[in-house]
Amino acid sequence: MSRFLIATLTALSLSALMPAMADTQAAPFDLPLDGSCEAIERHHDILRTTGGALDFDAFHHLDASTIRFEGLQGLLAVCDAGNDRLVAVEATFRKRFGGATFDSLVDMLRDAGYRQIHVNRPHVGDKSARFAAGDTTIRLNEPHMSRETTLSYIAQDYADALNQHRIERERQQREAESGTL
């Protein structure tokens, strides 16, 4: 394969992950966080929509086959339906041998200018990385025994709401369990 073709493919891959330079919010796969959910519905094929963990969120499972990105299997857009705002994007990739998918995505995120917070690359075990772009946290997870790698872009306020929901659910479970003893 020629060097020009490799450089072109790398540039195209980076442009899919690159944050918008005018503002600090991430826009993975041309899905800008804080963008309109209505725009997503107009410009992407939605396979199905389901309710999320919170009362206000909706999960839109998008047709990933329309996006040219090596190994991309699934794309999920999470909308704050009440505010017509995209709050998270999660991409699922086919895991390649030897952590090649994980390593490639970490390198692309670094090259795209995201701020690296943490990278965990054990010889054997679960791999994870965390990056930041403005008020967005980017998480990359590759469980050891899984066939998938997950890349998530999450707006900080939505991450906080999910965390509060988890804490409240755990508190309710503890109360219910202590009441049965």
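Basis for what follows: all heavy atoms, side chains included, without hydrogens, waters or symmetry-related copies. Because the structure is a prediction, the values reported are computed rather than measured.
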Query raised in the report: side-chain hydrogen bond (donor to acceptor under 3.5 Å, both in side chains) with Glu170: which of Arg174, Gln172, Arg166?
Result: Arg166
[X] and [Y]: side chain donor to acceptor below 3.5 Å:
{"X": "Ser128", "Y": "Asn141", "value": "no"}
{"X": "Gln73", "Y": "Thr92", "value": "no"}
{"X": "Gln173", "Y": "Glu177", "value": "yes"}
{"X": "Ser152", "Y": "Arg139", "value": "no"}
{"X": "Asp160", "Y": "Asn163", "value": "no"}

Do [X] and [Y] make a side-chain contact, defined as non-hydrogen atoms from C-beta onward lying under 4.5 Å apart?
{"X": "Asp80", "Y": "Tyr158", "result": "no"}
{"X": "Lys127", "Y": "Asn120", "result": "no"}
{"X": "Leu109", "Y": "Leu151", "result": "yes"}
{"X": "Val78", "Y": "Glu90", "result": "no"}
{"X": "Arg121", "Y": "Val106", "result": "yes"}
{"X": "Thr149", "Y": "Leu140", "result": "yes"}
{"X": "Lys95", "Y": "Glu148", "result": "no"}

Does atom [atom1] of [X] have more than 12 heavy-atom neighbours from other groups under 6.0 Å away?
{"X": "Arg110", "atom1": "CZ", "value": "yes"}
{"X": "Arg147", "atom1": "CZ", "value": "no"}
{"X": "Arg115", "atom1": "CZ", "value": "no"}

Report task. List the steps and the verdict of side chain to side chain contact (heavy atoms under 4.5 Å, CB included) for Phe93 and Glu70. Result -> CA-CA 8 Å; Phe93 297 90; Glu70 183 183 351; over 6 Å; no
State the [atom1]-[atom2] distance between [X] and [Y], to the nearest 0.5 angstrom.
{"X": "Thr150", "Y": "Phe102", "atom1": "OG1", "atom2": "CZ", "value": "11.5 Å"}
{"X": "Leu33", "Y": "Ile154", "atom1": "CG", "atom2": "CD1", "value": "9.5 Å"}
{"X": "Ile138", "Y": "Gln116", "atom1": "CD1", "atom2": "CD", "value": "11.5 Å"}
{"X": "Tyr153", "Y": "Leu31", "atom1": "OH", "atom2": "CG", "value": "10.5 Å"}

Closest heavy-atom contact between [X] and [Y]?
{"X": "His144", "Y": "Val124", "value": "CE1-CG1, 3.7 Å"}
{"X": "Pro32", "Y": "Leu86", "value": "O-CD2, 3.4 Å"}
{"X": "Arg94", "Y": "Thr101", "value": "O-OG1, 3.1 Å"}
{"X": "Cys79", "Y": "His60", "value": "SG-CD2, 3.5 Å"}

**Report entry** Verdict with reasoning, Ile117 to Phe131, per side chain to side chain contact (heavy atoms under 4.5 Å, CB included)
**Finding:** CA-CA 5 Å; Ile117 298 170; Phe131 291 81; 5.8 Å; no
Requested in this report: For Val89 and Leu75, run side chain to side chain contact (heavy atoms under 4.5 Å, CB included): C-alpha distance rounded to whole Å, both residues' side-chain angles, the deciding distance at 0.1 Å, then the answer.
Outcome: CA-CA 7 Å; Val89 173; Leu75 196 56; 3.9 Å; yes
Requested in this report: Evaluate the criterion salt bridge (charged side-chain N to carboxylate O under 4.0 Å, His left out) for residue pair Asp157 and Arg85; output intermediate values, then yes/no.
Outcome: CA-CA 12 Å; Asp157 58 341; Arg85 177 178 160 247; 2.9 Å; yes
Query raised in the report: Can any side-chain N or O of Asp84 pair as donor or acceptor with the backbone N or O of Cys37 at less than 3.5 Å?
Result: yes
